[in-house]
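In what follows, a single structure is set out as structure tokens and then discussed.
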Amino acid sequence: IMQLNMVTLTTSTHLFVKHMLSHKRPSLVINVASVAAFQPAPRFTIYAPSKTYVKIFSEILREELSGTNVRISCLCPGGTATEFLVNN
């Protein structure tokens, strides 16, 4: 979870933003966090903090790239009925 939500997100965002800045066309990065980014979530000891990272990373990057052609947005969807919790 940490590799995907933190390391991979940071690495891929860096690569895409570098390209976006170089071509100078209006560009948008949309990262996906979760409502879990706003509060501790029991039984999601790694997931919730990793989504907090996505949220804060996006907020900081948005500030750092203000005034450029790249906009940063962070989507924080709520829960969805899936089988994710069936056997957890």
Side-chain angles (χ1 to χ4, degrees):
I1 289 174
M2 291 170 57
Q3 179 70 37
L4 176 65
N5 290 343
M6 298 164 65
V7 177
T8 303
L9 173 98
T10 303
T11 303
S12 60
T13 302
H14 171 75
L15 293 172
F16 281 106
V17 166
K18 184 176 177 180
H19 172 74
M20 292 171 172
L21 288 169
S22 73
H23 68 54
K24 301 191 187 325
R25 293 187 303 265
S27 301
L28 174 64
V29 173
I30 301 175
N31 291 325
V32 180
S34 166
V35 295
F38 294 92
Q39 63 187 16
R43 298 184 351 179
F44 294 95
T45 308
I46 301 300
Y47 178 80
S50 74
K51 290 302 186 172
T52 300
Y53 174 86
V54 174
K55 179 182 160 295
I56 292 172
F57 173 76
S58 300
E59 290 170 352
I60 293 170
L61 193 58
R62 179 181 182 185
E63 287 298 316
E64 290 180 354
L65 294 173
S66 66
T68 72
N69 60 304
V70 181
R71 293 183 8 214
I72 307 293
S73 187
C74 185
L75 179 66
C76 299
T80 302
T82 69
E83 295 178 9
F84 185 73
L85 295 176
V86 170
N87 293 315
N88 291 330

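For the numbers below, each heavy atom of this structure counts, side chains included, while hydrogens, waters and symmetry mates do not. Count residues from 1 along the sequence.
Taking 4.5 Å as the limit, some side-chain heavy atom of Ser22 sits within range of a side-chain heavy atom of His19. A heavy-atom distance below 4.5 Å is found between the side chains of His23 and Met20. In this structure, the side chains of Leu61 and Val70 stay at 4.5 Å or more apart for every pair of heavy atoms.
Cluster annotation: Ile1 is connected to Leu9 through the hydrophobic network of ILVMFWY side chains, with a link wherever side-chain heavy atoms come within less than 4.5 Å. Val29 and Val32 fall into different hydrophobic clusters, where Ile, Leu, Val, Met, Phe, Trp and Tyr are joined by side-chain heavy atoms under 4.5 Å apart, directly or via other members. Under the 4.5 Å side-chain heavy-atom criterion for ILVMFWY residues, a single connected hydrophobic cluster contains both Ile46 and Val54.
Qualifying ring pair (Phe, Tyr, Trp, His ring centres under 6.0 Å) partners for His14, counting only residues two or more places apart in sequence or in other chains: none.
Taking each heavy atom of Pro77 and Ala33 in turn, the nearest pair found is CD-O, 3.8 Å. Residues Ala48 and Ala36 come closest through the heavy atom pair CB-O, 3.7 Å. Taking each heavy atom of Ala37 and Lys51 in turn, the nearest pair found is CB-O, 3.4 Å. The two residues Ser50 and Asn5 come nearest to each other via the heavy atoms OG-ND2, 2.9 Å. Between Leu28 and Ser73, the shortest heavy-atom distance links the atoms CD1-CB, 4.1 Å.
With values rounded to the nearest 0.5 angstrom, Leu21 atom CG is found 13.5 Å from Phe16 atom CZ. Between the CE atom of Met6 and the OG1 atom of Thr11 there is a distance of 11.5 Å, given to the nearest 0.5 Å. Going from atom CG of Asn31 over to atom OG1 of Thr13 covers 4.5 Å, rounded to the nearest 0.5 Å.
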With side-chain contact (heavy atoms from CB on, under 4.5 Å) as the test, would you mind laying out the steps for Gln3 and Thr8 before giving the verdict? CA-CA 6 Å; Gln3 179 70 37; Thr8 303; 3.8 Å; yes
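Relative ring orientation between Tyr53 and Phe57 is described as parallel, the plane-to-plane angle staying below 30° on a 0-90° scale split at 30° and 60°.
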